[in-house]
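The chains referred to below are lettered A, B, ... by the order of the sequence lines, with proteins before strands, and numbering in each begins at 1. On a predicted model such as this, the values are computed, not experimentally measured, just so you know.
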2 protein chains.
Amino acid sequence: MATAELKLTKNQRLVLDLLCSSDAPMSAYSILDQLRSEGLRAPLQVYRALDKLIGLGVVHRLESMNAFVACAHPSCHSVEMVGFAICETCGKALEFADNDIAEILSGWASANGFAAKSTSIEIKGTCASCQQAAESASGAE
Amino acid sequence: MATAELKLTKNQRLVLDLLCSSDAPMSAYSILDQLRSEGLRAPLQVYRALDKLIGLGVVHRLESMNAFVACAHPSCHSVEMVGFAICETCGKALEFADNDIAEILSGWASANGFAAKSTSIEIKGTCASCQQAAESASGAE
DNA sequence: TCATTTGTGTAATATTATTACGTAACATAT
DNA sequence: ATATGTTACGTAATAATATTACACAAATGA
């Protein structure tokens, strides 16, 4: 986790550390619940910290889930193109990046006069391990 | 609009026709408000119709906006890969499709053992005409 | 120091989406 | 035609997600 050197406020640090320690994306309200013991009381405190962390590029928002996840590559703070493969079974999100896609998209944007600020790519489906689990379960029936 | 031949129920038809006549994505609740005069009363009626229409591929959900839009290509009912460029100024969404991206993504998926069901790509930014409007406004200040 | 920006805490409220329940319409296979 | 399964409908209540408004405090910088 290369986020230690970031200068963050207490609330921002709490939220980021929690997301880093989670193995799956979390909703704002489950973040809040986890941090009540640390003194957080209201949704806004979480949303404000998330806004800042997203701005810094160390947290991403999964649009299709209303959930948030720590960036898998905290050293490269590129907010430009981020992709996630989200498993609908276990809820985990695999982050990926692809330069070719980024180039195609920016090509499309400039061809259409669209000034792109950020791009999100989200693939929904089933991850490898959940597929295997499903197979062995159906085989064992 | 090549959706006339689709066999839809009354509620589904109402929602689809409204979305087709709208020049921008609509939220479920604004759809509901528009259709109160037609007899719709509860959110669930809208959400059910939307679920069905999305399943048919004639409506898409904009994940980052919690909004819904009629498919720009109602004849090609491919739910596989859909992309939108969403203007944060005027709220309009430009739909696009790109085979190269679809292939890269499915390549990534198979390389990672991920069984993809659906993909959404959403670019946020400013569309050409809103950029021009902003330029002339700042020039006139 | 003064002004500015950034962050904080609290309360209230707005927006989006779902669960639970019972009924009605429709297809279709006997 | 009628029993059966499936799909859709309507209503009410509630859950989940997100924002607005207001007042105050801490850090930043001229």
Rounded to the Å, how far apart are [X] [atom1] and [N] [atom2]?
| X | N | atom1 | atom2 | value |
| --- | --- | --- | --- | --- |
| B:L62 | C:dT16 | CG | P | 13 Å |
| B:F68 | C:dT16 | CZ | P | 9 Å |
| A:L32 | D:dT19 | CG | P | 15 Å |
| B:D51 | C:dT18 | CG | P | 7 Å |
| A:L53 | C:dT6 | CG | P | 16 Å |
| A:D33 | D:dA15 | CG | P | 14 Å |

Pair of N/O donor and acceptor under 3.5 Å linking D:dA18 base with A:Y29 side chain
yes

N/O donor-acceptor pairs under 3.5 Å from side chains in residues 89-105 of chain B, not counting sequence neighbours:
{"residue": "B:E95", "atom": "OE1", "partner": "B:A72", "partner atom": "N", "Å": "2.8"}
{"residue": "B:E95", "atom": "OE2", "partner": "B:H60", "partner atom": "NE2", "Å": "3.4"}
{"residue": "B:D98", "atom": "OD1", "partner": "B:D100", "partner atom": "N", "Å": "2.8"}
{"residue": "B:D98", "atom": "OD1", "partner": "B:I101", "partner atom": "N", "Å": "2.9"}

Can you check nucleotides 20-24 of chain C for protein contacts, nitrogen or oxygen pairs under 3.5 Å, and list what you find?
none

Are OP1 or OP2 of [N] and a side-chain N or O of [X] less than 4.0 angstrom apart?
| X | N | value |
| --- | --- | --- |
| B:N66 | C:dA17 | yes |
| A:K52 | C:dT6 | no |
| A:Q45 | C:dT8 | no |

Less than 4.5 Å apart, side chain to side chain, heavy atoms only: is that true for A:V15 and A:V59?
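Not touching, per the 4.5 Å side-chain cut-off.
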
Quick one: side-chain hydrogen bond (donor to acceptor under 3.5 Å, both in side chains) partners of B:E122, sequence neighbours excluded?
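Checked B:E122 against side-chain hydrogen bond (donor to acceptor under 3.5 Å, both in side chains); matches are B:S64.
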
Checking B:Q45 now: which residues fulfil side-chain hydrogen bond (donor to acceptor under 3.5 Å, both in side chains) with it, not counting sequence neighbours?
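Testing B:Q45 for side-chain hydrogen bond (donor to acceptor under 3.5 Å, both in side chains), a comparison that skips the adjacent residues, returns none.
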
Which distance, rounded to the nearest 0.5 Å, do you find between the [atom1] of [X] and the [atom2] of [Y]?
| X | Y | atom1 | atom2 | answer |
| --- | --- | --- | --- | --- |
| B:I123 | B:F84 | CD1 | CZ | 11.5 Å |
| A:D51 | A:L56 | CG | CG | 11.0 Å |
| A:R61 | A:L53 | CZ | CG | 13.5 Å |
| A:L16 | A:S21 | CG | OG | 9.5 Å |
| A:T126 | A:I86 | OG1 | CD1 | 12.5 Å |
| B:N11 | B:K52 | CG | NZ | 13.0 Å |

Measure up the B:Y47 and B:Y29 rings against each other and bin them: parallel (under 30°), tilted (30 to 60°), perpendicular (over 60°).
perpendicular

Is there a donor-acceptor pair closer than 3.5 Å between any side-chain N or O of A:Q131 and the backbone N or O of B:G113?
yes

With a 3.5 Å distance limit and no angle check, can you tell me whether A:S136 reaches the backbone of A:Q132 through a side-chain donor-acceptor pair?
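Side chain of A:S136 to backbone of A:Q132, a donor-acceptor pair under 3.5 Å: yes, one is there.
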
Under the salt bridge (Lys or Arg N to Asp or Glu O under 4.0 Å) test, residues paired with A:R48 that sit two or more places apart:
none

Would you jot down, in residue-number order, the residues of residues 35-43 of chain A having a non-hydrogen atom under 4.0 Å from DNA chain C?
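Hits under 4.0 Å, by residue number: A:R41, A:A42.
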
Residue-level proximity of residues 83-91 of chain B to DNA chain C when a heavy atom falls under 4.0 Å
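None - not one residue of the stretch has a heavy atom sitting under 4.0 Å from the strand.
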
So, using side chain to side chain contact (heavy atoms under 4.5 Å, CB included) as the criterion, who are the partners of B:A67 when residues are at least two apart?
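Partners of B:A67 under the side chain to side chain contact (heavy atoms under 4.5 Å, CB included) test: B:P25, B:M65.
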
Which residues satisfy the side chain to side chain contact (heavy atoms under 4.5 Å, CB included) test with B:S106, sequence neighbours excluded?
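Once residues adjacent in sequence are excluded, B:S106 has no partner under the side chain to side chain contact (heavy atoms under 4.5 Å, CB included) criterion.
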
Between B:A28 and A:A49, name the one whose nearest nucleotide on DNA chain C is closer to the 5' end.
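The residue closer to the strand's 5' end, by nearest nucleotide, is A:A49.
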
Given Watson-Crick and G-U pairs under 3.5 Å, DNA chain D in dot-bracket ([ ] crossing, | other strand) is ||||||||||||||||||||||||||||||

Show the atom names and distances, to 0.1 Å, of all donor-acceptor pairs under 3.5 Å that link a side chain in residues 32-42 of chain B to residues at least two apart or in another chain.
{"residue": "B:D33", "atom": "OD1", "partner": "B:R36", "partner atom": "NE", "Å": "3.4"}
{"residue": "B:R36", "atom": "NH1", "partner": "B:R41", "partner atom": "O", "Å": "3.3"}

Counting only non-hydrogen atoms, which of residues 7-17 of chain A are less than 4.0 Å from DNA chain D?
A:K7

Tell me whether the ring of B:Y47 lies stacked over the C:dT18 base, given a 5.5 Å limit on centroids and a 30° limit on the plane angle.
no

